[in-house]
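Hydrogens, waters and symmetry mates are skipped; everything else that's a heavy atom, side chains included, is used. Note that the numbering runs from 1 along the sequence shown for the chain.
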Amino acid sequence: MSEKEIIFKRKLETEFQNWFDNLKEEKALLIKGLRQVGKSTLIKEFAHQHFKNVVYIDFIKNEQIKVVFKGDFDVNRIIRELSSYDDSYRFVANQTVIIFDEVQECSAARASIKYFIEDGRFAIIESGSLLGIKGYNPNYKSIPVGFEHSLTMHPLDFEEFLYAKKVNKVTIEQIKKCFANKETVPEVINNRFKDLYREYLIVGGMPRVVKKYILSNSFSLAKQEQNDLLEEFKDDFGKHLNQNEDVIYNKHLLNNINKVFDSIPSQLAKENNKFAYAQIMKKGRSAVFDPAIQWLVEYGLIKKCYNLSQLSQPFSGNKIDNCFKLYPTDIGLLMAMLNKDSSINLISDKYGIYRGAIYEGLVADSMIKNNHNLYYYHKDSGLEIDFVTEYKGDVTLIEVKAKDGRTKSANVVLSDKEKYPNVHKLIRIKDANISENSKILTIPQYLTFLL
């Protein structure tokens, strides 16, 4: 397959289309997400398909263009000066979209959104890799509340990975139908998707890595690309802007971010993989490392999975704020962070000390990419449920099994209606086919993208 033949079909396109059909005159489309997840590519492709004129501004590559937005917010003045800056820009009413890429770098451009929307002649799409970081740009005194429709873009999920590999769409729909109807997947298809999912576990969903793997069919080259990405992410650690919107680094924060991030594999490999500050540094405390954790969460590289005080909704009201696990937001990045032989070990089913981390990570990966918050349940008695979620309106337990294993804790919860009256269902994820009894739904690992 050539590079031109690799097409990334992204589910977020449906949300883009909804904005175009219903909201483009009322709100700007704002796309947040980790760096290198494909935001700019998807935005530009969509823009060129739906608008006659596309004005694309990247505030990192075209830093000097910021001066256009430093004056008043008169739309006529702004488009006149933008036209002078670049002769290719065409501003035709009702036929033009303006793209503000890396808009976190220019607070005035984001503030101007309100005035462009009120003017009504031009559609606006914004995107940014560090938009989620509170305080990244101290000049953001007035975000255009009510004038942005915000979406988050993630790395490719397993289904999008399959599309990139040109797996037959009919076959993909078949496994989705089997899941919906709780029917056994035909064995030949089941075996094929197990193999595909092992590839996805190692490669993950970062577009650059997926492209490298598809072109080379090499896990080694894919991992090299993952390592390059991780180094690029680390270049952002601790970054923010000063009052002049120049990039500066908080060296103390940078040091702590690196310590937290580098500790994640060993944290997840523990028997009880609750995040432990003392594992980073002797006598480590939350006051020291919580700002670093929050930076990584807001950057989009990790997600907190909170322990619940009780198994009932709302989960957000029952979470224990100081008791959590940390998962990278892409399973491929987690694999790259593990020991150098982990990819080979996974293919040969020799999981080592990271067995639990890998298979919990795959569920976290799926749930994050479906925009779910992460929760688990642990009691000092030893009772522990890997994940807790809402499925079809019910509180549902999720147990992850790398190989065959009992679900002792889940069985305790399901059988004790006096103590756990709100729990009626368990989803067991293992190397198996689809099966269901009254309380337990078993699914193969590759179907986690449908949770």
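Between the side chain of E245 and the main chain of S107, a donor-acceptor pair closer than 3.5 Å is present. Counting only distance, with no hydrogens or angles, the side chain of T396 and the backbone of D394 share a donor-acceptor pair below 3.5 Å. Between the E13 side chain and the R10 main chain, a donor and an acceptor come within less than 3.5 Å of each other. At distances below 3.5 Å, at least one donor-acceptor pair connects side-chain atoms of N370 with backbone N or O atoms of L451. Looking only at distances, a side-chain donor or acceptor of Y249 sits under 3.5 Å from a matching main-chain atom of D235. Proximity of a side-chain donor or acceptor of N307 to a complementary backbone N or O of H378 within less than 3.5 Å is detected. Listed for the N318 side chain is a donor-acceptor partner under 3.5 Å among the backbone atoms of S312. Not a single donor-acceptor pair under 3.5 Å links the side chain of S127 to the backbone N or O of S40. In this structure a side-chain-to-backbone donor-acceptor pair under 3.5 Å is missing from N137 to L241. Side chain of Q226 to backbone of V203: a donor-acceptor contact under 3.5 angstrom is found.
Under the salt bridge (charged side-chain N to carboxylate O under 4.0 Å, His left out) criterion, K325 pairs with E360, E384, sequence neighbours left out. With sequence neighbours excluded, the residues satisfying side-chain contact (heavy atoms from CB on, under 4.5 Å) with N227 are K223, L230, A336. Every residue meeting the salt bridge (charged side-chain N to carboxylate O under 4.0 Å, His left out) condition with K211, not counting sequence neighbours, appears here in chain and number order: E3. Listed by chain and number, the residues in a salt bridge (charged side-chain N to carboxylate O under 4.0 Å, His left out) with E232 are R208 (sequence neighbours excluded). Remark: R77 engages D72, E81 in a salt bridge (charged side-chain N to carboxylate O under 4.0 Å, His left out) (not counting sequence neighbours).
With salt bridges taken as basic N to acidic carboxylate O contacts below 4.0 Å, one links K11 and E159. Between R192 and D195 no salt bridge is recorded (no basic side-chain N to carboxylate O distance below 4.0 Å). A salt bridge links K176 to E173: at least one charged side-chain nitrogen sits closer than 4.0 Å to a carboxylate oxygen.
In this structure, the separation between CG on D365 and OG1 on T448 is 7.0 Å, given to the nearest 0.5 Å. C106 SG to N62 CG: the interatomic distance, rounded to the nearest 0.5 Å, is 11.5 Å. Note that CG of L201 is 11.5 Å distant from CG of L196, once rounded to the nearest 0.5 Å. The distance from the OG atom of S83 to the CD1 atom of I78 is 11.5 Å, given to the nearest 0.5 Å. For the atom pair CZ of F59 and CD of E102, the computed distance is 10.5 Å after rounding to the nearest 0.5 Å. From Y56, atom OH reaches atom OG of S88 across 13.0 Å, with rounding to the nearest 0.5 Å.
With a 4.5 Å cut-off on side-chain heavy atoms, I264 and P328 count as touching. Side-chain contact check for K270 versus Q279: some heavy-atom pair is nearer than 4.5 Å. Looking at E126 and L131, their side chains never come closer than 4.5 Å, going by heavy atoms from C-beta outward. Between F449 and K369, the closest side-chain pair of non-hydrogen atoms is not below 4.5 Å. Between S286 and N322, the closest side-chain pair of non-hydrogen atoms is not below 4.5 Å.
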Ring pair (Phe, Tyr, Trp, His ring centres under 6.0 Å) between F8 and Y163, intermediate numbers included: CA-CA 7 Å; F8 292 120; Y163 290 138; over 10 Å; no

Residue pair F179, I175: steps toward the side-chain contact (heavy atoms from CB on, under 4.5 Å) verdict: CA-CA 6 Å; F179 176 82; I175 65 166; over 6 Å; no

Working for side chain to side chain donor-acceptor pair (under 3.5 Å), residues R110 and N139: CA-CA 11 Å; R110 192 173 180 192; N139 293 323; over 6 Å; no

Derivation and outcome, side chain to side chain donor-acceptor pair (under 3.5 Å), residues Q17 and H50: CA-CA 9 Å; Q17 190 65 49; H50 290 77; 2.8 Å; yes

From CA spacing to verdict: side-chain contact (heavy atoms from CB on, under 4.5 Å), F233, F261: CA-CA 11 Å; F233 295 150; F261 190 68; 6.0 Å; no

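At a cut-off of 3.5 Å, with distance as the only test, no side-chain donor of N373 or K304 sits close to an acceptor on the other residue.
No more than 12 heavy atoms of other residues, nucleotides or ligands lie within 6.0 Å of NZ in K177, so this atom counts as exposed by the packing criterion. Shown here is K274, whose NZ atom has no more than 12 heavy atoms of other residues, nucleotides or ligands within 6.0 Å. Counting heavy-atom neighbours within 6.0 Å of K182 NZ, excluding the residue itself, gives a total above 12. Heavy-atom neighbours of D21 CG from other residues, nucleotides or ligands within 6.0 Å: above the threshold of 12. Within a 6.0 Å sphere centred on NZ of K70, heavy atoms belonging to other residues, nucleotides or ligands number more than 12.
Ring pair Y327/F387 is tilted by interplanar angle, where 30° to 60° counts as tilted. Between Y213 and F161, the ring-plane angle classifies as parallel under the 30° and 60° cut-offs. Ring geometry, Y115 versus F73: the interplanar angle falls under 30°, so the pair is classed parallel (tilted spans 30 to 60°). The aromatic rings of F158 and Y197 lie perpendicular to each other, with more than 60° between the two planes, well past the 30° mark. Ring planes of Y277 and F275: perpendicular class, angle over 60° (limits at 30 and 60°).
In summary, of the residues considered (I79, V55, I98), a side chain to side chain contact (heavy atoms under 4.5 Å, CB included) with Y89 occurs for V55 alone. Of the candidates E105, H240, Q104, E105 is the only one forming a side chain to side chain donor-acceptor pair (under 3.5 Å) with Y136. Put simply, the residue from L326, D290, N255 that forms a side chain to side chain contact (heavy atoms under 4.5 Å, CB included) with V260 is L326.
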With a 3.5 Å cut-off and sequence neighbours excluded, list the donor-acceptor pairs that the side chains of residues 22-38 form with protein atoms.
residue, atom, partner, partner atom, Å
N22, ND2, N18, O, 3.1
K24, NZ, F20, O, 3.0
R35, NE, D236, OD2, 2.8
R35, NH2, D236, OD1, 3.3
R35, NH2, D236, OD2, 2.9

